[in-house]
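Below: the structure, in structure tokens.
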Amino acid sequence: MDVTAILDPLNSAQRDAVSSQAKHLLVLAGAGSGKTRVLVHRIAWLIQVEQISPYSLLAVTFTNKAAREMRARIEDLLGYSGQGMWVGTFHGIAHRLLKMHWQQAGLPENFQILDSDDQLRLVKRVYQTLGIDDSRWPYRQAQGFINAQKDEGLRARHLQPAQDPYQRTMQQIYTAYEEACERGGMVDFGELLLRAHELWLQQPELLQHYQQRFRHVLVDEFQDTNAIQYAWLRMLAGNQVPLMAVGDDDQSIYGWRGAKVENILNFSRDYPDTQTVRLEQNYRSSKNILDAANAVISRNVDRLGKNLWTDDPDGEPIALYAAFNEHDEARFIADRLQDWTSQGNLREEAAILYRSNAQSRVLEEALLRAGIPYRIYGGQKFYERQEIRNALAYLRLLVNRNDDAAFERVVNTPTRGIGDKTVQGLRELARDEGMSLWRAAQKAVDESLLPGRASNAVAGFLALIDELEEGVVELPLAEIADHVIARSGLIDFHRREKGDRGESRVENLQELITACRGFEPEDKALSALPQFLDQAALDAGDRQADAGADAVQLMTLHSAKGLEFPLVILAGMEENLFPHRMSVEEPGRLEEERRLAYVGITRAMQKLYLTFAESRQQYGSESYNAVSRFVRDIPAGLIEEVRLRTHVQRPTSYAQKPTVSLSDSGADTGLSLGQRVTHHVFGEGVVLNFEGNGAHARVQVNFDNEGSKWLVLSYAKLTPLC
DNA sequence: AAGGCAAATGTTTTT
DNA sequence: CATTTGCCTT
């Protein structure tokens, strides 16, 4: 392949980036501006033109999905997979390093990865040993504290001794938590990064080895890197390895998880010989959609500044629908999707995006009723399901009896008469003797330290695990899993569960066996099981099994980042929902919500619907939210309001009754449910509800600025609009 | 030790 | 509203 094949499909800014001769490169890539394409073509350029071996390239992404996509697209372009090239997530690469250099990293060879669930359990155990009151300091707060510190690259010993009780308690927990991890050879997600950083810090010759090996390092979604990830990159780069960072400050939506947009700002300061390239031409959305997105994001103060433009025509106007309530909203959406497919489009080209997962239920119901196939992304991941984690815990015990997290999880699952008290006893013994729970259990049985019944039960559990391992180690992975799931009693345990929840859990366990069958170990020489377990911990398994069927896509705005759809429906465009009520107070968090709105709008290629509900059931009670400020930020000229309710008679009985009563109550008020009205004090609003008649008639109006109010019809001078 | 009922508690998500 | 947690009874 020659240079033209790499550069021809690119615009001039993209070409500048791909063929850059500068030492370091910062690409500010707006939404839909060909970010991944530039990365992939840059890699092709380095290999084909600069003659750099794939072995000397390192490409870091944020998600496993992005890593897979990059691999696939490199293969597409080059015609072969970049053999020997390191492509992976920060965590995946850190894990790889630690596996290779476990001794230098001060870890046991078979160190265990703790996911957030394991981590929370460990935190709870630390509370118990320290005697900390969890009603005063919630577990999750401590977990959040620990992760936030690790994101910043701080260990407990790095923290300033503090006076205030919150800091003191958290630091105490953090210290004990670190000790517990160290003792058990356990490594949480943050620890992977922290350790990988320290590994190089403490082993300069190892760092040098990698600095010589990697002749180019490329980073995707740079706006999502946190402090420790950037520190790790900087250490690797030193003053010799060229870095290429690609990101978009306007799409930084993970600040709440430690991501630092500032890293983008600091990059050119930290590396003065950086060429900055802006990709501002958008190839994805119609002009109307892009103008709307620009209008929304321009209200943010804290930006690097970038204006996306397009050669495309205006396209269709953005449609806004004011629903009566969330059911009406869902019904409207289902109708639009029906229109979409009846016009000959594919369902999978349409996506419904929402701020929070809780919104999906009503939408699902409406789609189900309308017979529209759909697929939901997000929610619970496969490897995070209870039943799967239980099965994995048994498998983990086979590999490593001293895995306390796994031991605790399944010692009494299915229930076998080992209750809290017994486990508590084992924990104390383990702590006193400085041994794992497994060894403590052995000791307790051998030396009859437990009451008879409990002792028998514990002995039974120990025997079960040993027995599970017998004659199984040499078998293929899937058969090991099958054997363990059946013999541990997990299948029966879930089969006995009431409702159809148990049924789906049994199916999931079967699915796990299938996953084992399809698993290809990275290192064929080593046993497959430990490799499978590591992969399960690092990749939550969000790949969709039934990707073949044509279905509408439902997902949160967060998980929509990086995707695009011809038709996008943003549902729940309401204050308190989006922007979320937790984020409206703080300007910084509000800016992040706004970036989320920007991400949402820019997912749309041809047609964008915005919907909101005048009234919505939230946490069991009715709430009345004004239309989202993000909708108001969009110039009116770009929006076409759909006003079905004034023309269409709602067939449902509850909606008709008040309409009839309203006109029956003496003079025709000209009001109906969903009617837009204006009041001389409260301004504009929408009629939500109605009660009584004649002089006592009252209407409930949701005012745009004042919220919902009940007004006596004969006093309030309401003027109908439209 | 296990199961049932009342009370509390609700973002976003990856690794 | 729906799910999870904690207390209380068998």
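Below, chain A is the first sequence line, B the second, and so on; all start at residue 1. When reading the values below, keep in mind they use all heavy atoms of this one structure, side chains included, and skip hydrogens, waters and symmetry mates.
- The six-membered or imidazole ring of A:F90 lies away from that of A:H95, with a centre-to-centre distance of 6.0 Å or more.
- The side chain of A:Y619 sits closest to B:dG10 out of B:dT13, B:dT15, B:dG10.
- Closest to the side chain of A:R355, out of B:dA1, B:dT15, B:dT12, is B:dT12.
- Summarising the geometry, the separation between CZ on A:R453 and P on B:dA2 is reported as 9 Å, rounded to the nearest angstrom.
- Ring pair A:W200/A:Y210 is tilted by interplanar angle, where 30° to 60° counts as tilted.
- A:Q359 comes within 4.0 angstrom of nothing in the nucleic acid, heavy atoms only.
- Aromatic rings of A:F222 and A:Y230 (six-membered ring for Trp) have centroids within the 6.0 Å cut-off, being under it.
- Legend: ring-ring contact (aromatic ring centres under 6.0 Å, His included) pairs involving residues 113-146 of chain A, not counting sequence neighbours, sorted by first then second residue: A:Y127-A:Y139.
- Using a 4.0 Å heavy-atom distance criterion, A:F90 is classed as making no nucleic acid contact.
- Toward the 5′ end of DNA chain B lies the nearest nucleotide of A:G417, the other residue of the pair A:S356 and A:G417 mapping further downstream.
- Atom P of nucleotide B:dT14 and atom CG of A:D224 are separated by 12 Å, given to the nearest angstrom.
- Side chain of A:F189, nearest nucleotide from B:dT13, B:dT15, B:dA1: B:dT15.
- The nearest whole Å value for the distance from the CZ atom in A:R96 to the P atom in B:dT15 is 17 Å.
- Nucleic acid contact class of A:R416 (heavy atoms, under 4.0 Å, all strands): sugar-phosphate only.
- Judged purely by atom type and a 3.5 angstrom limit, A:E586 has no side-chain atom pairing as donor or acceptor with the backbone of A:S583.
- Residue A:E365 contributes atom CD, which lies 12 Å from atom P of C:dC1 at whole-angstrom precision.
- Note on A:N412: only backbone sugar-phosphate atoms sit closer than 4.0 angstrom, heavy atoms only; bases stay farther off.
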Contact string for nucleotides 2-10 of chain C, one letter per nucleotide 5' to 3', B = base within protein heavy-atom range under 4.0 Å, S = sugar-phosphate only, - = neither, reads S---S----
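- Within the nucleic acid shown, A:N357 comes within 4.0 Å of sugar-phosphate atoms alone, with no base atom in reach, counting heavy atoms only.
- Using atom P as the reference point in both B:dT12 and C:dT5, the two lie 16 Å apart (nearest Å).
- The side chain of A:T422 contributes an N or O atom lying less than 4.0 Å from OP1 or OP2 of B:dA1.
- Side-chain proximity of A:T89 to B:dT15, B:dA2, B:dT13: nearest is B:dT15.
- Listed candidates were B:dT13, B:dT15, B:dA1. Nearest to the side chain of A:S116 is B:dT15.
- The OG atom of A:S360 sits 8.5 Å away from atom OH of A:Y374, with the distance rounded to the nearest 0.5 Å.
- Residue A:N64 places at least one side-chain N or O under 4.0 Å from the OP1 or OP2 atom of B:dT15.
- One interatomic measurement links the two molecules: CG of A:D151 to P of B:dT13, which rounds to 17 Å at whole-angstrom precision.
- Candidate nucleotides B:dT14, B:dT12, B:dA1 were compared by shortest atom distance to the side chain of A:T556, and B:dT12 ranks first.
- Note on A:K381: a side-chain N or O is less than 4.0 Å away from OP1 or OP2 of B:dT14.
- Between A:K561 atom NZ and B:dT13 atom P there is a gap of 12 Å when expressed in whole angstrom units.
- Residue-level contact check: A:E592 touches neither bases nor backbone, having no heavy atom under 4.0 Å from any strand.
- Counting non-hydrogen atoms of neighbouring residues, nucleotides and ligands closer than 6.0 angstrom, the CG atom of A:D523 exceeds 12 such neighbours.
- Taking CD of A:E591 as the start and CZ of A:R303 as the end, the distance is 9.5 Å to the nearest 0.5 Å.
- A:I376 has its CD1 atom 13 Å from the P atom of B:dT12, to the nearest Å.
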Given the rule in the side-chain hydrogen bond (donor to acceptor under 3.5 Å, both in side chains) test, do A:N263 and A:T225 qualify, once you have shown the distances and angles that lead to the verdict? CA-CA 7 Å; A:N263 289 344; A:T225 50; 3.0 Å; yes
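- With rounding to whole Å, A:I253 atom CD1 is found 9 Å from B:dT13 atom P.
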